[in-house]
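As structure tokens, the structure follows; a few thoughts come after it.
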2 protein chains.
Amino acid sequence: MTTNPRNDVNNGVKVQTRAKERERIVRAADSVDRVYAAIKEFAIDYRFRPGEKINEVELATELGVSRTPVRAALNRLQRDGFVASVPNKGFYARELTPEAVRDLYELRAAIERAAFVLACERATDTEIQATVDAWTKHSSLKGEGSWAKVAVADESFHMALTQLSKNAQMVNALEGLCSRIRFFRRIDLESMPRRSHSYQEHEAIIDALRRRDAAGGAALVEKHITLSSAHAMEVAARGLARIFFGTTA
Amino acid sequence: MTTNPRNDVNNGVKVQTRAKERERIVRAADSVDRVYAAIKEFAIDYRFRPGEKINEVELATELGVSRTPVRAALNRLQRDGFVASVPNKGFYARELTPEAVRDLYELRAAIERAAFVLACERATDTEIQATVDAWTKHSSLKGEGSWAKVAVADESFHMALTQLSKNAQMVNALEGLCSRIRFFRRIDLESMPRRSHSYQEHEAIIDALRRRDAAGGAALVEKHITLSSAHAMEVAARGLARIFFGTTA
DNA sequence: AAATCACAAAGTGAGTACACTTTAGAAGGT
DNA sequence: ACCTTCTAAAGTGTACTCACTTTGTGATTT
């Protein structure tokens, strides 16, 4: 933490504007959003170690702002599930447990499954085609893409699929969920035997959607997403290793 | 708003403690939690009208605190989906639209369905029995209970059922969802033709759970929860009427 | 020597201050 | 009469301040 100084989020913020012919420093006005994004990114990557106490003044100085926006951001992140607050003690980073990993994936599977069923009855052929196109475009750089890019493409495919449900609440919930899962999804993708596995399953899901096969597709989605408890344990273990040792294995 | 003064949340807060043989005023220390709860309750009941601008100073004075804890609470409530924030303008209360009602119910159905499936394989017979007992105890005061009590019992049954999944993330997500749905659920329950309908469906769900009939029970849960678009529209309309006219119809 | 108490340092929690933004209303021009 | 512009009031956003809580360290007592 202290050895890994965070980037100053304040870059280029002290915008200058003219008022009454004189230039003045303008306040940030949206510090909270930037601070929120910065801290969230840290939390997503577990650059706060699991359960770690978060020091407000330290964080504030590192981000170049006062404690006020930091606290505001932490309050938001609390409801996002990234930090927990204990009265008179402060904020603590989220934990990392195999159960949490498994539970998050199960919840994600539940939402995406339901979204798929809704998509089958609500998405137009054109919309489906657009989603497929976006996916194939991404997946065309299959061989060359780095793992990070693959992960991005995978997540945006699933998000796009969910958007076809026309259910804003599901999309919203899934977004929050994905940000909490992202760290694990990367690890999971990287440790996959062959990348093509995932691609083939996506193809099958697309096919079911085209045929409006709600039941069949729902089963595919569920299976595609859900992690076994053993697998969740493995992912969690790899995650911990990465956090504490920085290893890729 | 201004005509409906909110209850002072600060009751009995200025606790007195002795330090060095002298009594002193002790700070609130957890104002945020109380303010958060107070504002949330207001938001749940739509005592902020849909889309209404929320005045921080007004709210703060009504709650007997400064703007600081109010803003903290609003930041949390933003991620809870109760308020939205626009930079340099402030916070606005959530909207009320038929689509939102429908979407929320669909999401809830998705989560409870998945939780039921998991419960079928994870809940012990004893746990199931405990849940059933709690439900029957509640439902025994079927005839006499007010609508409010019925709504509480209904919600706690569904929560208890979901807890059998042993999936903390689902439970957590459902809690947030239920608080956002509560206003509509009350309306929905009150406008139900006969209360016994709901009871019978609960019985059927319990029966499926006892038989570990995941597929059958899942279908029952989905059907029990999901609102048709038409029904959602009706509930939303009734909701608006209640908010703006205070009518029960 | 171990446990308890006292004290000091660090950190959180809420209130306050002030600068900036927005908005509404009045004055002036077209 | 309508639109524009200026101005003042209201309200938001952030920094700052200070009181209280927690925690760790050292001294005192048993």
Side-chain angles (χ1 to χ4, degrees), chain A residues 1-2 8-10 13-39 52-78 83-93, chain B residues 1-2 8-10 13-39 52-78 83-93:
Chain A
M1 267 243 323
T2 327
D8 192 329
V9 75
N10 223 5
V13 163
K14 295 279 184 188
V15 190
Q16 297 198 316
T17 188
R18 77 200 66 246
K20 304 195 177 186
E21 293 182 355
R22 243 195 332 187
E23 297 193 352
R24 289 183 310 170
I25 304 288
V26 141
R27 77 154 163 200
D30 60 339
S31 292
V32 186
D33 289 333
R34 292 176 298 107
V35 169
Y36 171 76
I39 301 181
E52 173 185 343
K53 170 120 203 307
I54 296 175
N55 187 321
E56 297 175 8
V57 290
E58 190 182 344
L59 201 48
T61 47
E62 282 176 12
L63 296 174
V65 293
S66 80
R67 275 174 60 218
T68 309
V70 170
R71 283 178 68 81
L74 287 172
N75 271 303
R76 293 189 193 173
L77 288 165
Q78 181 186 357
V83 302
S85 103
V86 180
N88 277 324
K89 304 257 283 323
F91 293 91
Y92 294 82
Chain B
M1 270 241 328
T2 327
D8 192 330
V9 75
N10 223 6
V13 164
K14 295 282 182 184
V15 190
Q16 298 198 318
T17 190
R18 77 202 65 246
K20 304 197 176 182
E21 293 182 357
R22 246 199 327 191
E23 298 192 352
R24 289 184 310 169
I25 303 289
V26 140
R27 77 153 163 197
D30 58 340
S31 292
V32 187
D33 289 333
R34 293 176 298 105
V35 168
Y36 172 76
I39 302 180
E52 174 185 344
K53 170 121 204 303
I54 296 175
N55 188 322
E56 296 175 10
V57 290
E58 192 181 342
L59 201 49
T61 48
E62 281 174 12
L63 296 175
V65 294
S66 79
R67 278 175 57 218
T68 309
V70 171
R71 283 179 67 82
L74 288 172
N75 272 303
R76 293 189 194 173
L77 288 165
Q78 182 186 357
V83 303
S85 103
V86 179
N88 277 325
K89 304 255 294 301
F91 293 91
Y92 294 82

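Within every chain, numbering begins at 1; the chains are lettered A, B, ... in the order of the sequence lines, protein sequences first and strands thereafter.
- In this structure, B/Glu56 atom CD and D/dT14 atom P are separated by 11 Å, rounded to whole Å.
- Computed from coordinates, the A/Asp33 CG to D/dG13 P distance equals 9 Å when rounded to whole Å.
- Note: CG (A/Asn55) to C1' (D/dT23) measures 14 Å, nearest angstrom.
- B/Leu77 places a side-chain heavy atom less than 4.5 Å from the side chain of B/Tyr36.
- Here D/dT22 presents its C1' atom at 16 Å from CG of B/Asp30, a figure rounded to the nearest Å.
- Counting only heavy atoms from C-beta outward, the side chains of A/Gln78 and A/Phe91 approach each other to under 4.5 Å.
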Output one line per pair: protein atom, nucleotide atom from nucleotides 22-25 of chain C, and distance, for all N/O pairs under 3.5 Å.
residue, atom, partner, partner atom, Å
C/dT23, OP1, B/Lys89, NZ, 3.2

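- Contact annotation: A/Lys53 side-chain N/O to C/dG11 OP1/OP2 distance is not under 4.0 Å.
- A donor-acceptor distance shorter than 3.5 angstrom exists from the side chain of A/Lys53 to the backbone of A/Lys89, with no hydrogens or angles considered.
- Proximity of B/Ser66 to the phosphate of C/dT16: no side-chain N or O atom is located under 4.0 Å from OP1 or OP2.
- Within the 4.0 Å cut-off from OP1 or OP2 of D/dG13, not a single side-chain nitrogen or oxygen of A/Ser31 is found.
- Not counting sequence neighbours, the partners of A/Glu56 by the side chain to side chain donor-acceptor pair (under 3.5 Å) test are A/Arg67, A/Arg71.
- Between the side chain of B/Arg67 and the base of D/dG11, no donor-acceptor pair under 3.5 Å is found.
- When every heavy atom of B/Leu74 is checked against every heavy atom of B/Val83, the shortest pair comes out as O-CG2, 3.5 Å.
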Between A/Val86 and A/Tyr92, is the side chain to side chain contact (heavy atoms under 4.5 Å, CB included) condition met? List the steps.
CA-CA 8 Å; A/Val86 180; A/Tyr92 294 82; 3.8 Å; yes
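- Under the 4.5 Å side-chain criterion, counting only non-hydrogen atoms from C-beta, A/Asp33 is in contact with A/Arg76.
- The minimum heavy-atom distance between B/Val35 and B/Pro69, with the atom names listed, is CG1-O, 4.1 Å.
- Non-hydrogen atoms lying under 4.0 Å from DNA chain C are contributed by B/Thr68, B/Pro69, all within residues 68-76 of chain B.
- Contact annotation: the side chain of B/Leu63 approaches that of B/Ile39 to within less than 4.5 Å [non-hydrogen atoms, C-beta and beyond].
- Here the P atom of nucleotide D/dG13 and the OH atom of A/Tyr36 are 16 Å apart, to the nearest Å.
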